[in-house]
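Naming convention: chains lettered A, B, ... in sequence-line order (proteins, then strands); numbering from 1 in each chain. If you're wondering where the values come from, they're calculated on a predicted model, not measured in any experiment.
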Amino acid sequence: MPDLRPARTRFAPSPTGFVHIGSMRTVLFDWLLARQTGGQFILRVEDTDRKRYVPGAEEQLKASLQMMGFQWDEGPDVGGPFGPYRESERLPIYHPLAAEMEERGILYRCFCTPERLEAVNREKQARREPPGYDRHCRNLSPEDRAAQQAAGIPSVLRLATPLDGETVLHDVLRGPITFKHAVLNDPVMIKSDGFPTYAFAANVDDHLMEITHVLRGDEWIATSPYHVLLYQFMGWEQPVWVHVPQVLGTDGKKLSKRHGATAINEFIERGYLVEALTNCLALVGWGYDETTEFMTREELIERFSIERISPNGGVFSHDKLNWFNGHYIRQHTPQEIAGMIMPYLEKAELVSTPATPEQQALVERIVPLIQDRLQTLSDAIDLSRFFFEAPTQYVRNDLVPKKLDVATTKELLQHAYTTLSGLVTWDEEGLEPALRDLAEQRGVKAGDLFMALRVAATGSKATPPLFQTLAVLGQAATLERLTVATASLE
RNA sequence: GGCCCCAUCGUCUAGCGGCCUAGGACGACACCCUUUCAAGGUGUAGAUCGCGGGUUCGAAUCCCGCUGGGGUCACCA
């Protein structure tokens, strides 16, 4: 059973764009762990790169988390005891700490220009050596250092990585991972503009904010020795490191725009339910047991465990998402679904915005007919369109049953018109016997008559059951469409 | 290229030395239900567990090598 100490987890995105499903899955795990243990889920905005600042991205990102129902306990706006939660606002916290580290020799000042760094790399590459900083400023004399600083030469603070030995990262999913110091470099911790890099800010903040479990993408494994080193130099207790595997596109490649929707808000907008998204996401790289597929949010909270996260990357399957979504759509009451699809019908201009009471009543009658057929909420547009708009044209081969010819079909539809226009009780119970009788009288298979009528009334060969459909469509509309369809058979 | 991670049906996965003639789910296909399409039910196909060596009485499960895929080598996160 999982460790029940309250966990403090965090999602620390840089506000550069939308939240894609891979990140959202990490958020899910973070959130589940916090909820399960009675801990806190923290949102921290890593906006330390002013060049990559994207206006509105933070709002976008917060909106996505809220759409999914992952409310943060501490973070921008809501605050908390370890604020501020926007790293750009934490410079007053970073600077004294950086000064202390410089004092203690953990960090050292480097005056190398970007041009020199580039030149060094070019040379190394020419000699077929791995690229990387040559530690030129690491052994500067105190006098040189003072002189350069006095001269106002821009500088950065670098981590003085040990030259010998090794650092071990203890990742819960993979066990110990050893990195030889010889292959490491001296990464920049404080940039020349005074802002920290990820390596500094993320780890300082995780420590200061008392984060107990760091869940992040496994692309961070390679740089993690620097993070571990920082903790060790400062004598801080390390968090539990959990490098979760990548979520891949359908072709097994890294997720990109080429795979269709990747941003969580796109899925929501296209009519995927939060329950389905959550359930499906939880099952990419994690599973409760051999057979369980459906789990509520509460069950997920209860059953989640980081030990069962699989270390290998997985494809996020749209097929499976569709299946989950259809399932959850069927779980809702027709009234609930009516409310959920209304925005889609409004947007498609099938109903007015807002819908009139008459339109709402109609939609409520339509939902029971299409609910089983919805894979996403937006499917409701095409599935219910014919209720609002008469077919504009007919495909003759669809209208005419295979065994019948045009003339016979036309005659059949004319008889149907007579039967239907004389019908007093316009509901399923009234329609079915009348039409079955008609088929028998005319000597055609009931199915053939029904298909001709279906196409005449809806313009489509695939619809909900005919009698229910006609009942909702109404007598006047049905007869009108029948007339047009019949006329098209010239 | 160096370093690191990963490797079971098309996909998500179960499996943590014998219960595996490798289980489930999605998808595919077939049948049933049925006025069409769905939903639902039943069933079929689909992995010689990437390859090669070991260890062991016994390996998908442990070890080594190889191959393949991915990540990372920024004053980006």
Side-chain angles (χ1 to χ4, degrees), chain A residues 12-16 46-49 51-52 110 112-114 117-118 121 125 128-133 154-158 169 171 173-174 177-180 182-185 187-199 201-202 216-225 243 245-246 248 250 252-254 280 283-294 310-324 326-327 330 369-375 383 398 432 435-436 439 445-455 458 460-467 469:
Chain A
S14 66
T16 50
E46 307 217 323
D47 55 350
T48 55
D49 186 1
K51 292 189 288 292
R52 295 214 307 169
C110 166
C112 293
T113 62
L117 263 25
E118 234 174 88
N121 272 338
Q125 245 142 31
R128 302 190 59 188
E129 284 174 28
Y133 181 53
S155 62
V156 301
L157 250 23
R158 288 182 183 271
L169 166 73
D171 178 87
L173 306 184
R174 304 154 227 267
I177 302 171
T178 304
F179 298 87
K180 289 199 170 34
V183 305
L184 265 28
N185 269 299
V188 172
M189 304 300 267
I190 302 289
K191 299 182 263 187
S192 56
D193 64 2
F195 279 75
T197 58
Y198 175 91
R216 61 191 352 180
D218 62 9
E219 69 269 23
W220 288 105
I221 292 178
T223 42
S224 62
H243 290 93
Q246 217 99 55
L248 309 166
T250 7
K253 296 271 169 56
K254 201 173 172 179
C280 198
L283 260 22
V284 180
W286 180 82
Y288 175 57
D289 60 14
E290 293 190 18
T291 53
T292 306
E293 297 284 343
F294 298 114
S310 121
N312 52 303
V315 172
F316 181 71
S317 164
H318 285 231
D319 279 335
K320 195 143 189 178
L321 208 217
N322 284 336
W323 175 71
F324 269 114
H327 169 83
R330 277 168 242 128
L369 305 190
I370 63 170
Q371 189 164 2
D372 280 0
R373 296 165 175 76
L374 294 176
Q375 226 157 30
L383 286 175
D398 288 350
E432 177 153 10
L435 292 172
R436 285 197 187 279
K445 283 181 66 181
D448 286 343
L449 199 221
F450 297 164
M451 184 50 87
L453 281 173
R454 179 193 322 282
V455 174
T458 69
S460 170
K461 289 175 74 175
T463 74
L466 182 65
F467 314 121
T469 301

Contact class for [X] (heavy atom, under 4.0 Å): base, sugar-phosphate, or nothing?
X        : answer
A/Pro465 : base
A/Pro245 : nothing
A/Ile177 : sugar-phosphate
A/Gly287 : nothing
A/Gly285 : sugar-phosphate
A/Phe467 : base

Does a distance-only test, which skips hydrogens and angles, find a donor-acceptor pair under 3.5 Å between the side chain of A/Arg373 and the base of B/C37?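 Yes, a donor-acceptor pair under 3.5 Å.
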
Contacts of A/Tyr133 that satisfy ring-ring contact (aromatic ring centres under 6.0 Å, His included) - sequence neighbours left out: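 Not a single residue meets the ring-ring contact (aromatic ring centres under 6.0 Å, His included) criterion with A/Tyr133.
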
Got a sec, which residues hit ring-ring contact (aromatic ring centres under 6.0 Å, His included) with A/Phe467, two or more places apart in sequence or on another chain?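 A/Phe467: ring-ring contact (aromatic ring centres under 6.0 Å, His included) contacts with A/Phe450.
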
Nucleotide-resolved protein contact map, nucleotides 70-77 of chain B, B/S/- at heavy-atom distance under 4.0 Å: SSS--BBB

Distance check, [atom1] atoms only: [N] and [M], in whole angstrom units.
N     : M     : atom1 : result
B/A14 : B/G23 : P     : 15 Å
B/U13 : B/U67 : P     : 27 Å
B/C51 : B/G27 : C1'   : 29 Å
B/U42 : B/C19 : P     : 28 Å
B/A25 : B/A77 : C1'   : 36 Å
B/C64 : B/C12 : C1'   : 31 Å
B/G1  : B/C20 : C1'   : 42 Å
B/A22 : B/A30 : P     : 27 Å

Please enumerate all protein N or O atoms sitting under 3.5 Å from an N or O of nucleotides 23-25 of chain B, with distances to 0.1 Å.
unit_1, atom_1, unit_2, atom_2, d
B/A25, O4', A/Glu293, OE2, 3.0
B/A25, O2', A/Glu293, OE2, 3.4
B/A25, O2', A/Lys320, NZ, 3.4
B/A25, N3, A/Lys320, NZ, 3.3

Counterpart residues, side chain to side chain donor-acceptor pair (under 3.5 Å), relative to [X] (two or more places apart):
X        : result
A/Asp193 : A/Arg50
A/Glu432 : A/Arg436
A/Ser224 : none
A/Glu219 : A/Gln246

Send over the distance from [X] [atom1] to [N] [atom2], rounded to a whole Å.
X        : N     : atom1 : atom2 : result
A/Asp319 : B/C12 : CG    : P     : 12 Å
A/His318 : B/C26 : NE2   : P     : 18 Å
A/Asp171 : B/C4  : CG    : P     : 15 Å
A/Leu369 : B/A39 : CG    : P     : 16 Å
A/Leu173 : B/A7  : CG    : P     : 11 Å
A/Leu169 : B/C3  : CG    : P     : 18 Å
A/Asn312 : B/A60 : CG    : P     : 19 Å
A/Asp289 : B/G15 : CG    : P     : 9 Å

Would you mind telling me which residue lines up with the more 5' stretch of RNA chain B, A/Ala462 or A/Pro311, judged by nearest nucleotide?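 The 5'-side residue here is A/Pro311.
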
Starting at the 5' end of RNA chain B and moving along, which residue's nearest nucleotide shows up first, A/Phe316 or A/Pro130?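 Mapping each residue to its closest nucleotide by heavy atoms, the 5'-most match is A/Pro130.
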
Using Watson-Crick or G-U wobble geometry with both distances under 3.5 Å, which nucleotide pairs with [N]?
N     : value
B/G27 : none
B/U56 : none
B/G46 : none
B/C51 : B/G65
B/A74 : none
B/G40 : B/C32

Respond yes when some side-chain nitrogen or oxygen of A/Arg330 is under 4.0 Å from OP1 or OP2 of B/A38, and no when none is.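 For B/A38, OP1/OP2 do not have a side-chain N/O of A/Arg330 under 4.0 Å.
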
Of the listed nucleotides B/U36, B/C4, B/U11, the one nearest the side chain of A/Thr463: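 It is B/U36.
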
With rounding to the nearest 0.5 angstrom, report the CG to CZ distance, A/Asp218 to A/Arg174.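 Between atom CG of A/Asp218 and atom CZ of A/Arg174 there are 5.0 Å.
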
Not counting sequence neighbours, which residues clear salt bridge (Lys or Arg N to Asp or Glu O under 4.0 Å) with [X]? List them please.
X        : result
A/Asp49  : A/Lys51, A/Arg52
A/Asp372 : none
A/Lys320 : A/Glu293

Donor-acceptor pair, A/Asp171 side chain versus A/His243 backbone, under 3.5 Å?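 Checking the backbone N and O of A/His243 against the side chain of A/Asp171, a donor-acceptor pair under 3.5 Å is found.
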
Are the side chain of A/Asp47 and the backbone of A/Ser14 linked by a donor-acceptor contact shorter than 3.5 Å?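 Checked: no pair found.
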
Out of A/Thr48, A/Val188, A/Leu157, which residue meets the side-chain contact (heavy atoms from CB on, under 4.5 Å) rule with A/Pro196?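 So, applying the side-chain contact (heavy atoms from CB on, under 4.5 Å) to A/Pro196 and each of A/Thr48, A/Val188, A/Leu157, only A/Thr48 qualifies.
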
Name the orientation class of the two ring planes belonging to A/His327 and A/Phe294 (parallel below 30°, tilted from 30 to 60°, perpendicular beyond 60°).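 Ring orientation, 0 to 90° scale: parallel.
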
Going by the angle between their ring planes, with limits at 30° and 60°, are A/His318 and A/Phe316 parallel, tilted or perpendicular?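 If you compare the ring of A/His318 with that of A/Phe316, the planes turn out perpendicular.
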
Heteroatom pairs (N/O) under 3.5 angstrom, protein to nucleotides 28-32 of chain B:
none

